[in-house]
Amino acid sequence: MTTLCLEVDPNASTCLQEQLRETLLEAIRLGSLPIDDALPSCRKLSQQLGISRNTVSIVYETLVEDGYLVSRPRSGYYLHPDYYDPHLVFNSSLTALTEKSAESITAPNWHKRITQRPTNYQGILKPGNWSEYAYPFIYGQLDTRLFPLAQWRDVSRRLLSSQRDKPWLRDRIDQDDPLLIEQLRKRILPRRGIFARPEEILITMGTQNALYLIAQLLCHRGTRVALESPGYREAMNVFAHRGANLQFQAVDNEGMRLENTQQCDYLYVMPSHQVPTGVTMSRARRDALLAQLPHRDQIVIEDDYDAEIHGDQFALPALKASAQSARIIYMGSLSKALSPGLRMGYVVADAELIDELRALRRMMYRHPPAALQHQLAQFISQGYYERYLKLHVEEIDRRRDAMRLAIDQALPGCHSHSSSRSSAFWMEADSSIDTQRLAWHAAQRGVLIEPGFQHFFDAAPPRRFFRLGFGAIERERIDPGIQRLGLAYDSALNT
């Protein structure tokens, strides 16, 4: 009987059964299980790993059912012959490349072959280990404990029921789930004053993907695009990648300023809550923007990324709801409120444009996963989404209030520019503060903040701004986190 070098971690997030199964499958893949000897018995392996005998038995039996192992009465469990490949068995003399053979391999000259360099376009820098910070005031992430897991599981269970038809198993070519389109038309878009026909809606892999599709279709070298600065850097990257001439517009307390935009072909705006400032475009500024569109033959690309989460009952309608609707390309998100990892967004525009976007999407990935589209459609149609949004907005309101109170107490030298319903606080520090240095002082105290300079597109961006998100941090940790940030602020101020 073989002794296997296996390990499981009782403190890991995955259960012991999953860990043992994955470990055994990896051993099979690497060819490290012999075909002639029995695997360790359930009793022996359970003792070796310090886990229950029943856990080992269940894993062995499921691997037998799936055809990876065979069970021989009164003998034990063996590797299935289909998975024995002598060429996979580790043998250093056969698998190790000698220095001479390695030198003889000529690597391709990718520098010569690559025609584009997306790595030249800097994204927003955020640490991958943000969840390990005690006080993560990060923007764009959510507290995973708020996800409506029970309702999501209920929808999934019913969709997987053997009694139901499963249209989501079929390739939809270039079409979206009709129920999801219907739910957008009837439940989501009317809240923003938008009434659209099915042929005017396209589902995308998030708003970033929507923006990329739009830029690919409409922009080329010389296309003139106005963007807000400070603004959404990935939008700038998308347009710059297409060779567009970018014109950066300042943002004041009424939103994007419109001076000198008359010659632009497109204006990319976030009127509801501008990123990163959180400023809401005023009615007067909206009216001025809409009035110039037909006279200058311009198109607005409206990014309404947080329409579902700001919870403002008195919010102005989307620009797409105006009389200039035909000149507005509207982008929204279905994953911003639920989970950023879902990557589900949509575009609303004239049918002619949607047809071309659909064809372009087909050449890229045909359509977003049909199963996810249908599950989300059912989640909305059953009323789960609306119930979740109500609870989510209430919790976000409590966190925003806690943030505002803590900021007033611990950061009296800072000024917030964000509107009252924004999903983050855009902070202006003392002019002597470099917020990148402030971020370093804060990190030493377990506090994660976002320096604001990377949102400006100037050659010499101001260094006194920073952003505080509150979607990912527990409400009880907001006050102590801001207090620690206040100490870091004092340290940065005195250095």
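No hydrogens, no waters, no symmetry mates; every other heavy atom, side chains included, goes into these values. The shown structure was predicted, so the numbers you read here are calculated from the model rather than taken from an experiment. Note that the numbering runs from 1 along the sequence shown for the chain.
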* **Salt bridge Glu182-Arg185, side-chain N to carboxylate O under 4.0 Å** => no
* Asked: Aromatic rings His241 and Tyr121: how do their planes relate, parallel, tilted or perpendicular, breaks at 30° and 60°?
  -> perpendicular
* **Whether Trp152 and Phe147 hold their rings parallel, tilted or perpendicular, with breakpoints at 30° and 60°** => perpendicular
* Classify the ring geometry between Tyr384 and Phe379 as parallel (under 30°), tilted (30 to 60°) or perpendicular (over 60°). => tilted
* To do: Measure up the Tyr139 and Tyr305 rings against each other and bin them: parallel (under 30°), tilted (30 to 60°), perpendicular (over 60°).
  => perpendicular
* Less than 4.0 Å between a side-chain N and a carboxylate O, is that true for Asp306 and Lys336? -> no
* So among Asp174, Asp177, Asp171, which one has a side-chain hydrogen bond (donor to acceptor under 3.5 Å, both in side chains) with His367? -> Asp171
* Measure the OH-OG1 distance between Tyr68 and Thr62 for me, rounded to the nearest 0.5 Å. => 10.5 Å
* Between Asp304 and Lys320, is there a salt bridge with N-O shorter than 4.0 Å? -> no
* **Basic-acidic side-chain contact under 4.0 Å: Arg170, Asp165** => yes
* Asked: Is there a donor in the side chain of Tyr268 and an acceptor in the side chain of Asp303, or the other way round, less than 3.5 Å apart?
  -> yes
* Can we say Arg361 and Asp176 salt-bridge, meaning some charged N sits less than 4.0 Å from an Asp/Glu carboxylate O? -> yes
* Asked: Any salt bridge between Asp252 and Arg257, counting N to O under 4.0 Å?
  -> yes
* **Glu450: partners by salt bridge (charged side-chain N to carboxylate O under 4.0 Å, His left out), with sequence neighbours left out** => Lys126, Arg467
* **Electrostatic pair Asp265-Arg224, nearest N-O below 4.0 angstrom** => yes
* Which residues pass the salt bridge (charged side-chain N to carboxylate O under 4.0 Å, His left out) test with Arg399, sequence neighbours left out? -> Asp143, Glu395
* May I ask you to decide whether Glu18 forms a salt bridge with Arg21, counting only side-chain N to carboxylate O separations under 4.0 Å? => no
